[in-house]
Amino acid sequence: MRRRKVKKIVLIDGHSILNRAFYAIPDLTNSEGIHTNAILGFLNIMFKILDEEKPEYLTVAFDVHQPTFRHEMFEQYKGTRKSMPEELREQVPLMKEVLKAMGITIMEKPGYEADDVLGTIAKTSEQKGYQVSLVSGDRDLLQLASENIKIRIPKTKKGGTEIENYNTQDVIETYGVTPKQFIDLKGLMGDTSDNIPGVPGIGEKTAGKIISTYDSIENAYEHLEEIGPAKAKEALRNNHDLAILSKTLATIKTDCDIEFHLEDALVGNLYNEGAYSFFKRLEFKSLLNRFQLEVTHYEGIEEYFKVLNDLEQAEMVFNKLLKSASGHMTAGLQFITAGDKILGLSLTYSDKDIYFIKVEGFITEEYLKDKVCNLLDTPISLATINLKPQLDYIRAAEKSNVFDEGIAAYLLNPLNSTYYYDDIARDYLKMTIPSMNDLFGKNDIANLSSENDKEFRNYCCYQSYVCYKAYEPLVDALKNTDMYQLFVTIEMPLVYTLYDMELRGIHINREELKKYGEKLAVGIADLETKIYHLVGEEFNINSPKQLGVILFEKLRLPFGKKTKTGYSTSADILDKLVQEHPVVSMILEYRQLTKLKSTYADGLATYIGNDERIHGKFHQTIAATGRISSTEPNLQNIPIRMELGREIRKVFIPEDGYIFLDADYSQIELRVLAHMSEDERLIAAYREAQDIHRITASQVFHTPLDEVTPLQRSNAKAVNFGIVYGISSFGLGQGLNISRKEAEDYINRYFETYPRVKQYLDDLVLNGKKNGYVTTLFGRRRPIPELSSSNFMQRSFGERVAMNSPIQGTAADIIKIAMIRVNERLKELKLRSRLILQIHDELLIEAHKEEIEEVSSILKEEMQKAANMSIPLEVEVKTGTNWYEAK
DNA sequence: TTTTTCACG
DNA sequence: ACGTACGTGAAAAAG
């Protein structure tokens with residue numbers, strides 16, 4: 001005989017699960033700074049239950065944010081509810097949107113609590129013959145348990161979530177009362193977390209005994225005289241009204257006047273496009289596996305994707321575009337490459353002209369390059385993502401009709417970590433498309449390109465399609481945020497400057513670098529034996545964990561404190577221990593040597609090319625403040641502070657017939673601060689004195705300029721640094737190794753001396769809080785989501801960022817302008833001298849010996865006039881036959 | 001992959 | 001009570 005399967009409905013107590021998830025999962029934010037831990041936890045619990053039960057129906061109930069009847073009654077007793085932390089509060093609306101995106105119904109009814117709504121739906125569903133699962137973090141709901149209503153309480157245990165299940169029998173076994181009696185039990189004993197007063201003097205044990213004997217509060221009062229102990233009897237006698245009220249409070253309504261249509265709660269396709277893009281934005285990578293890529297495709301646009309491998313067809317496509325070329329046209333284009341091979345060109349110039357033109361047969365790499373160069377000579381706006389590496393193919397001078405969408409997207413939100421085509425599609429087209437990772441994972445693109453692979457075709461076509469579609473939204477967004485000017489006059493030209501610099505690279509003396517490494521190796525081996533001997537055993541000195549054990553357990557040195565996964569062995573802790581044991585200073589020296597060897601001597605050597613030069617990469621879309629960053633290798637952190645490390649700069653040498661010209665801004669950040677704060681005294685200080693730290697010390701400590709002690713000067717210097725970093729007494733104390741109190745005193749004196757600086761910094765924080773972002777002198781924005789955090793630490797961080805970013809960012813803007821101008825002028829004048837490195841406030845030029853004078857003055861001039869401020873920008877230019885000498 | 005440490009501005 | 005100076009990238013160890 002075939003029995004019809006009973007239909008299941010899952011009901012979720014939204015706030016309760018969200019709340020539980022929030023506290024169970026450590027703080028988590030996506031790259032936009034949105035907190036996501038509670039939402040992730042909620043979804044994990046929900047998916048676990050859905051996977052298990054495969055219900056036909058699903059609904060989530062939320063409380064409405066207004067006081068309900070039961071709350072009001074309670075608040076007369078206990079004051080206000082404790083408020084929700086901001087990090088959780090901001091996740092509530094987002095959670096609802098995520099659920100809506102998955103097509104899950106949300107019940108929220110003003111005047112009712114979620115409990116009551118859930119109770120009502122549960123009971124009516126049960127009556128209709130459904131199996132009900134009620135998911136909550138709250139034991140209140142146990143009163144609703146029955147044969148067909150299962151209360152499910154998720155618990156986060158080690159190694160995942162486990163769920164406790166309660167039907168009638170489970171409640172009886174665990175609590176010794178029936179679900180119905182559970183109400184009376186709670187009425188008597190009360191529940192502080194759920195705002196139920198209960199009867200004072202009666203706790204869990206007594207309440208349990210009374211209810212299991214008399215079944216209900218009402219019946220207990222009928223038999224009041226029989227009740228013992230006497231104390232409980234008295235408590236009941238004196239609190240009759242309270243007991244009845246508590247029971248009312250504890251009772252979950254099952255007869256709410258709500259409209260609930262079961263068919264609305266039908267579980268549809270949870271894994272749809274909208275949900276996918278949400279998950280992606282929130283960066284729930286583990287959950288994305290649940291989506292099948294098919295559902296993410298977009299409105300049948302792929303029907304128009306065409307792969308061309310025939311020259312005649314390609315000609316037609318290009319000709320059609322070239323013939324109709326006009327200024328209000330846009331084309332998206334993107335070279336698709338594997339290594340240094342061009343696989344083809346992705347090109348889109350209308351909603352129906354979407355092509356991947358493959359390098360094959362008569363379509364050669366050269367052909368495609370030529371065609372793209374033809375496009376450069378038209379007024380068509382050409383949009384691409386990540387232009388710099390493609391300049392290898394688009395051998396063209398700076399073109400005003402080329403638009404790098406990666407850089408546009410970076411300006412609009414510099415906090416993102418990537419700006420790929422799928423990121424831009426998500427953020428500016430509300431469109432979800434598979435990322436390169438989704439499509440190929442770890443596979444090499446080159447391998448997949450061989451056949452008429454649909455995914456490969458889509459990947460290629462989407463690239464230019466996104467460029468084409470996102471062009472206008474991005475231009476509009478830049479204009480709306482007042483960053484279009486910044487984009488056009490600084491960021492786009494800089495792409496070409498950085499490209500030039502990468503191409504040129506920097507010459508290295510390979511032999512000297514090797515010798516330097518060998519010298520270090522000798523020192524390292526020597527120290528190693530000495531350390532092992534002193535300590536009495538061999539261990540891995542590079543392992544902080546092993547080192548910690550040796551220093552703080554074996555040698556019993558006073559551990560400075562700090563620990564998360566063990567003892568801290570960082571240099572500032574070890575510095576304080578040099579007096580304690582002779583091995584400490586050896587370890588510090590060992591660290592220094594191994595760092596120099598591994599990162600610099602050996603590290604740099606691997607990047608030297610056949611031309612004996614290192615061609616590092618400069619990145620324009622990494623730093624949140626607008627700075628440039630450097631990788632492969634990082635040429636912006638070559639040692640200089642310590643003499644031994646500094647030596648390595650001797651291997652950076654100019655080519656024969658050339659010399660290094662190194663130009664440095666003098667304290668550009670403090671000058672920016674002086675200009676932006678308009679502090680008269682700071683401005684005056686800069687107009688007259690060269691030594692700003694000395695003059696600061698003189699003014700802050702009320703000491704004549706020539707009587708400032710070295711200590712006063714270095715303290716003033718630290719305060720100046722502190723100001724730029726977003727001052728905090730704690731941080732300054734740390735930096736200066738003095739107490740927080742003393743540091744605070746310094747800061748106060750500084751602000752007394754330069755009151756407008758204080759005013760300015762305060763205003764930055766205030767504006768940051770108001771707008772959610774801060775800006776540089778040139779309009780660059782930095783969003784600061786941390787400013788609205790309720791977490792002290794995060795908020796303080798936000799405040800420091802609000803003070804630092806405009807200063808660091810403005811300095812970055814200024815040197816970018818200088819770089820562009822210097823590079824352009826050298827090229828215009830057809831000089832052989834060339835800009836090769838930027839180190840934040842420093843430019844390095846490989847100058848031809850015949851051009852030294854001319855180039856020095858160009859350098860100095862362009863750097864000084866990059867920004868017109870109320871104080872001059874001072875630039876120091878030095879020459880040298882290597883980088884060591886030039887600094 | 002994450003953590004720790006340390007190099008630079 | 002909280003527990004950090006701002007911005008980066010690389011190497012090595014550990015999970």
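Note that the structure is predicted; figures quoted are calculated from it, not measured.
Phosphate contact (OP1/OP2 of C:dG7, side-chain N/O of A:R782, threshold under 4.0 Å): present. Between C:dG9 and A:S629, a contact under 4.0 Å exists linking OP1 or OP2 to a side-chain N or O. Distances shown here put a side-chain N or O of A:N540 below 4.0 Å from the OP1 or OP2 atom of C:dA13. For A:T569, no side-chain nitrogen or oxygen approaches OP1 or OP2 of B:dT4 to under 4.0 Å. At least one side-chain nitrogen or oxygen of A:Q546 sits closer than 4.0 Å to the OP1 or OP2 atom of C:dA14. Between A:R800 and C:dC6 there is a side-chain polar atom (N or O) within less than 4.0 angstrom of OP1 or OP2. Residue A:K545 places at least one side-chain N or O closer than 4.0 Å to OP1 or OP2 of C:dG15.
Nucleic acid contact for A:F797: sugar-phosphate only, since backbone atoms but no base atoms lie under 4.0 Å from a heavy atom of the residue. As judged by a 4.0 angstrom heavy-atom cut-off over every strand, A:E842 is placed among residues making no nucleic acid contact. Within 4.0 Å of A:E669, counting heavy atoms only, lies no atom of the nucleic acid at all. Residue A:A571 is in sugar-phosphate contact alone, with no base atom involved, counting any heavy-atom pair closer than 4.0 Å across all strands shown. At the heavy-atom level, A:A718 lies under 4.0 Å from base atoms of the strands shown. Among the atoms of the strands shown, only primed sugar atoms or phosphate atoms (P, OP1, OP2) are found under 4.0 Å from some heavy atom of A:S630. The residue A:I640 sits close only to the backbone: its heavy atoms come under 4.0 Å of sugar-phosphate atoms, none of a base. When heavy atoms are screened at a 4.0 angstrom cut-off, A:S728 is found touching base atoms of the nucleic acid. Across all strands, A:R795 comes closer than 4.0 Å to no nucleic acid atom at all (heavy-atom distances). Among the heavy atoms of the strands, none lies under 4.0 Å from A:G726. Residue contacts for A:I839: at a heavy-atom cut-off of 4.0 Å it reaches the sugar-phosphate backbone alone, with no base atom in range. Here A:I622 lies in heavy-atom contact (under 4.0 Å) with sugar-phosphate atoms only.
With B:dG9, B:dT5, C:dC6 as the choices, the nucleotide that has an atom nearest any side-chain atom of A:S568 turns out to be B:dT5. Nearest nucleotide to the side chain of A:R627, out of C:dG7, C:dA10, C:dA5: C:dG7. Out of C:dA5, C:dG9, C:dG7, the shortest distance to the side chain of A:N804 is found at C:dG7. The side chain of A:R591 lies closest to B:dT5 when the candidates are B:dT5, C:dT4, B:dG9.
In the interface, the side chain of A:Q808 is paired with the base of C:dC6 through a donor and an acceptor atom under 3.5 Å apart. In this model, a side-chain donor or acceptor of A:R641 finds a partner on the base of B:dG9 within 3.5 Å.
At a cut-off of 3.5 Å, with distance as the only test, no side-chain donor of A:N748 or A:D745 sits close to an acceptor on the other residue. Looking only at atom types and distance, the side chain of A:E786 has no donor-acceptor partner in the side chain of A:S789 under 3.5 Å away.
Aromatic rings from A:Y746 and A:Y750 are positioned such that their centres are separated by 6.0 Å or more.
Under 4.0 Å is where a charged nitrogen must lie from a carboxylate oxygen, and between A:D423 and A:K280 no such pair does. For A:E846 and A:R613, the salt-bridge test passes: some basic side-chain N is under 4.0 Å from an acidic carboxylate O.
Figure legend: A:R671 and A:Y665 shown without cation-pi pairing, the cationic atom not lying both under 6.0 angstrom from the six-membered ring centre and within 45 degrees of its axis. For A:K758 and A:F751, the positive end sits near the middle of the six-membered ring, less than 6.0 Å away and at most 45° from its axis.
Secondary structure note: stems in DNA chain C built from 3 or more consecutive Watson-Crick or G-U wobble pairs under 3.5 Å occupy B:1-9 with C:6-14.
Of the residues A:R780, A:R781, A:R782, the one that meets the side chain to side chain donor-acceptor pair (under 3.5 Å) test with A:S805 is A:R782.
Along DNA chain C, the nucleotide nearest A:A624 and the nucleotide nearest A:R740 are compared for position; the residue whose nucleotide lies closer to the 5' end is A:R740.
For A:F792 and C:dC2, the ring-to-base geometry does not satisfy the stacking test (centroid distance below 5.5 Å, interplanar angle below 30°). An aromatic stack links A:F730 and the base of C:dT4, using centre distance under 5.5 Å and interplanar angle under 30°.
Counting heavy atoms from C-beta outward, A:D662 and A:E885 have side chains that stay 4.5 Å or more apart.
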